[in-house]
Amino acid sequence: MTLRLYDTATREVRDFEPLVPGRAGIYVCGPTVQGSPHVGHLRSFVAFDVLQRWLIRTGHHVTMIRNVTDIEDKVIAKAAEAGVPWWAWALQFEREFSEAFRAVGMLPADYEPRATGSIPEIVAMIELLVERGHAYEVNGSVYFDTASFPAYGALTNQGLGDMAPAADSPADAKRDPRDFALWKASKPGEPTSAVWASPWGLGRPGWHIECSAMARRYLGDEFDIHGGGLDLRFPHHENEQAQSRAAGYAFARLWLHSAWVTQSGAKMSKSLGNGLLVSEVLREHQPAALRLALAGVHYRSMLEYSDSTLTDATATWARLAGFVQRASERVGSHTHAEVAAAELPEPFVDAMNDDLSVPRALAHIHEAVRLGNAALTAGDDPAVASAVLSVRAMLDVLGLDPACEQWKGEAQASAALTALDSLVQADIEARAQARAAKDWQAADAIRDRLSAAGIVIEDSADGARWSLSTDD
RNA sequence: GGUGGAGUGGCCGAGAGGAUAGGCAGCGGCCUGCAAAGCCGUCCACACGGGUUCGAAUCCCGUCUCCACCUCCA
C-alpha cells in the first residue's frame, strides 16, 4: 500500500505520486513573524513534521521548504506601535518560532527562506504577470487581475461572483474589487527601510506573492506538496496558485491543510487573543507531552484544547516512556541506527499510509506496549527486546522516541524534580508543624536550610509552596 | 448569500455496511509488606426522525445543533 493523502484542491484522497520517484518537494507556509507562537501555530507545523518524517522513513529524499514572511503590513504596524524597527520585530518572533520548533522536536527544514531575501524573484514574477496580461499597475502598485484568470477560485471551489472584495488596498484603485495587491507602492510615513526598488518605483511585496516566488526558486516550477493551516486556503493559497499558474507554472500537485486548535469549540487565534502561548504551556508541561497532544489527533480533525489535554498527554507519555525505560534497563538500549532500520509493523504502516492516521498508529503502539509490558512481567527478554525496538521505531516516526537525544534528558530532569518535590514537601510539612507550635526557631532553620540549597519557600493562606531560586 | 467541515461511551479520540479501535477515568481481580507501575477482566456509544438491507455508527432522504473560510489568521 502506498501513501494516500487528502488533497484539498480535488477534495479527495489520492495516491501520492511524486514528480520524481523517490523524491518529495514540500512547501509549508511558515509563520508571519508578527507575534509569539501559540499552540495553534505549532499544531500545524508538527503535522507537517510528521509528514516529513514519514516520507523520509519510507525512503523518500525530502526537500522541506518552510518560509518566514518577515515583511507584511501587520509586522510593520505592530513594530511601529511598539516603537521598534520592523526588522528587529520580525527577527525577534522568528527566533521565538524557531525555539518553539526546536522545543517540540521538529526536524529542521532544508531551508527557511525569508520574504525579504527573495525580492528579485518576487519582482521578476510580477513583471512576468504584467507581461502576460494577468496584472496591471496603478500609481506604483501592481494588482493581480482576477478577471483575466478563469481558474481563479479553483482551489476553494468558489466562483468570482460569490466573493467579497479584497480589502488589502483601496477598491477605487483596482479594476475589480476582488483583485489583490502584488506590489504595494510605498506611502509617506512608512519606514524607508521597508522599501525596495522595482520597475514601478519604491514599494514592497503584497502578502501572497512571496510564497509563489520562493516555492518556485527552491522547488521548481512544479512540486509535490504544498501545506499550511486550513485558514490559509483562502485567500492566501488560492492567490498563490492563481499567481503561479497565471505566470505559466504548474505549481503544487497536492494541497494539504491542517485543521485548527479550538477552545470550547472556537478557533484559537491571534486576533481573538485566546491563543495559548507555547512559552506559557511549556512552563508547566513537558515538550514531549505537548508534541504528543498536538500530533495525536488526526491532522484534519479539530483539536479541542482543554485543561485536561496536556495532563492526559502527560499520562500517555509517561506510559510510553516508562515502558521504553524499563525495557531498556532490562535488555539494553538499541542505537538510533537500529531504531531507524527496524521493521515497522504492518498495521502501523497501513495507518500512516492512510492519510497519516496517527490516532490509529498510536492505537497500535499502545498494543505493542501492552505486549511488551506483559513480556517484561513474564521475564521473556527476547520478546521485550523486539517489543521495545518496534515501539521506539514507531514512536520515532512521530518524533516521539523517548530514548532519542531530544527527549531522553527530559525524562530525567522531570523525574529529578518529582523526587526533589517529595523531599521538599516533607520539609514543608515539618515546618508547618513547627509554625503551628510557634516554634519559630525550628521553622526558620528549615527555611534557611532549603534556602541555602537554592530552594525558595513562599508562605500563603493556602500553605507553603516552593520553587528553585532564580538568583545567580 | 457562497464554500467546506463536524455531532461516537464519564472524558479524549479512531473507524465508514457484519470483527474488540486505542487512551484516560470508573469497577472487579492478579501482582505487591503497603503502594506505585504493570497485567487480566468489565461497565458506559454512535445528534434526531424516516428509509434501503438478512444486517446500518457506516448508505439514502429529511431535521436539528455546532464550527470554519469568504481578503488579519497555523
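Naming convention: chains lettered A, B, ... in sequence-line order (proteins, then strands); numbering from 1 in each chain. Everything numeric in this text was worked out from a predicted model, so none of it was measured.
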Has A/R175 got its NZ or CZ under 6.0 Å from the middle of the six-membered ring of A/Y136, at an angle within 45 degrees of the ring axis? yes
Contact summary for A/T146 and A/R178, nearest pair of heavy atoms: CG2-O, 3.6 Å
Of the listed B/A74, B/G2, B/U71, the closest approach to the A/V261 side chain comes from B/A74
List the steps and the verdict of ring pair (Phe, Tyr, Trp, His ring centres under 6.0 Å) for A/Y27 and A/H226. CA-CA 5 Å; A/Y27 186 93; A/H226 190 130; 5.1 Å; yes
Would you say A/R11 places a side-chain N or O within less than 4.0 Å of OP1 or OP2 belonging to B/U3? no
Spacing of A/M352 atom CE relative to B/G15 atom P, expressed in whole Å: 13 Å
Rounded to whole Å, the NZ-C1' distance (A/K184 to B/C72) equals 11 Å
So which nucleotide from B/U71, B/A14, B/C39 ends up closest to the side chain of A/F234? B/U71
Let me know the distance between NE2 of A/H208 and C1' of B/U71, rounded to the nearest Å. 6 Å
For each nucleotide in nucleotides 24-29 of chain B, reading 5' to 3', give B when a protein heavy atom comes within less than 4.0 Å of its base, S when such contact involves only the sugar-phosphate, and - otherwise. S-----
Look at the rings of A/F97 and A/F101 and say which category their plane angle falls in: under 30° parallel, 30 to 60° tilted, over 60° perpendicular. perpendicular
Residue that, paired with A/M352, satisfies side chain to side chain contact (heavy atoms under 4.5 Å, CB included) out of A/V50, A/L344, A/T58: A/V50
Whole angstrom value for the distance that separates C1' of B/A74 from CZ of A/F48: 9 Å
Would you indicate, yes or no, if B/C69 has its OP1 or OP2 atom less than 4.0 angstrom from a side-chain nitrogen or oxygen of A/K267? yes
Given atom CH2 of A/W317 and atom P of B/G23, what is their separation to the nearest angstrom? 18 Å
Using a cut-off of strictly less than 4.0 Å, decide whether A/H366 has a side-chain nitrogen or oxygen near OP1 or OP2 of B/G22. no
Run the side-chain contact (heavy atoms from CB on, under 4.5 Å) test on A/I209 and A/M214 for me, step by step, so that the C-alpha distance in whole Å, both residues' side-chain angles and the decisive distance to 0.1 Å come before the verdict. CA-CA 9 Å; A/I209 190 72; A/M214 290 186 279; over 6 Å; no
Rounding to a whole Å, what distance do you find between A/D380:CG and B/G38:P? 19 Å
Below the 4.0 Å mark, does B/A14 have OP1 or OP2 next to a side-chain nitrogen or oxygen of A/S301? yes
So does A/N157 get a side-chain nitrogen or oxygen closer than 4.0 Å to the phosphate oxygens (OP1/OP2) of B/G4? yes
Find the distance A/E367:CD to B/C39:P and express it as a whole number of Å. 11 Å
How close or far is atom C1' of B/U8 from atom CE of A/M302, stated in whole angstroms? 14 Å
Aromatic ring pairing A/W407/A/W317, orientation class (parallel under 30°, perpendicular over 60°, tilted between): perpendicular
Determine, for A/Y249 and A/R216, whether the Lys NZ or Arg CZ falls below 6.0 Å from the six-membered ring centre while staying within 45 degrees of the axis. yes
Between the base of B/U71 and the side chain of A/Y143, is one N or O donor paired with an acceptor at under 3.5 angstrom? no
Quick one: sort the A/H208 and A/F180 rings into parallel, tilted or perpendicular, breaks at 30° and 60°. perpendicular
Secondary-structure stems for RNA chain B, with pairs counted as Watson-Crick or G-U when both distances are under 3.5 Å and runs at least 3 long: B:1-7 with B:64-70, B:10-12 with B:22-24, B:26-30 with B:38-42, B:47-51 with B:59-63
